[in-house]
Amino acid sequence: MVRAAVFCPVRVGNLLKPPSHELNPVPVKVQTAKTKEKTSTSITGFFQKMIDDTFSKKRLGVDGKAITEQTILTYETTMKHFENFQTKQKRKYN
């Protein structure tokens, strides 16, 4: 059986050196003026905002139509179930 020689362009001494992009990192510009402050919203607050936006027709369905009142009732029921869960767990989730 004849084995072919394998060409390896990397020398053993260079394997332990870090790549060149780690030696000279590119500076990153951070724009702080345009960043918005993150506000902490609880899950129930998020549900309530979603319900209010849906009821006022700010949120629309995928097809562009208003979301039905039955769906809004489903959102309200889900929020009440989650509030009951928080009460039983004696913990507020954010």
Side-chain angles (χ1 to χ4, degrees):
M1 180 188 307
V2 177
R3 291 189 176 183
V6 177
F7 175 71
C8 182
V10 179
R11 293 185 350 198
V12 175
N14 291 337
L15 289 177
L16 299 178
K17 291 182 181 177
S20 62
H21 69 275
E22 289 182 8
L23 293 175
N24 300 320
V26 178
V28 178
K29 294 181 181 179
V30 179
Q31 295 178 350
T32 57
K34 293 183 180 179
T35 58
K36 294 182 180 180
E37 292 181 22
K38 291 184 179 180
T39 56
S40 177
T41 304
S42 66
I43 295 174
T44 53
F46 172 76
F47 268 118
Q48 189 59 52
K49 181 174 177 6
M50 188 175 73
I51 291 168
D52 294 341
D53 288 349
T54 305
F55 192 71
S56 66
K57 302 201 182 353
K58 287 182 184 176
R59 286 187 72 243
L60 300 175
V62 177
D63 55 358
K65 295 181 182 177
I67 296 174
T68 64
E69 198 154 318
Q70 186 61 39
T71 304
I72 297 172
L73 290 174
T74 304
Y75 294 162
E76 290 174 342
T77 303
T78 303
M79 185 177 76
K80 289 183 195 290
H81 284 302
F82 188 75
E83 287 173 342
N84 290 336
F85 172 74
Q86 287 185 123
T87 307
K88 288 180 182 178
Q89 294 294 317
K90 299 176 184 172
R91 181 177 172 195
K92 293 280 183 184
Y93 293 91
N94 287 337

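Everything numeric here is computed off the predicted structure, so don't read it as measured data.
Put simply, Leu73 and Phe47 are part of two different groups of oily side chains (I, L, V, M, F, W, Y) that touch within less than 4.5 Å, one to the next.
Thr54 and Ile67 get closest at one heavy-atom pair: CG2-CB, 3.6 Å. Smallest separation of non-hydrogen atoms from Ile51 and Tyr75: CG1-CB, 3.7 Å.
For the atom pair Lys65 NZ and Lys57 NZ, the distance stands at 13.5 Å (nearest 0.5 Å). Atom CZ of Phe82 sits about 11.0 Å away from atom CG of Asn84, to the nearest 0.5 Å. The distance from the CD1 atom of Ile43 to the OG1 atom of Thr78 is 12.5 Å, given to the nearest 0.5 Å. Remark: Met79 CE to Thr74 OG1 distance equals 13.0 Å, nearest 0.5 Å. Atom NZ of Lys88 is separated from atom CD of Glu83 by 13.5 Å, given to the nearest 0.5 angstrom. Note that the NE2 atom of His81 and the CD atom of Gln86 stand 14.0 Å from one another [nearest 0.5 Å].
No more than 12 heavy atoms of other residues, nucleotides or ligands lie within 6.0 Å of CD in Glu69, so this atom counts as exposed by the packing criterion.
Ring orientation note: the planes of Tyr93 and Phe85 are close to parallel, at an angle under 30° on the 30°/60° scale.
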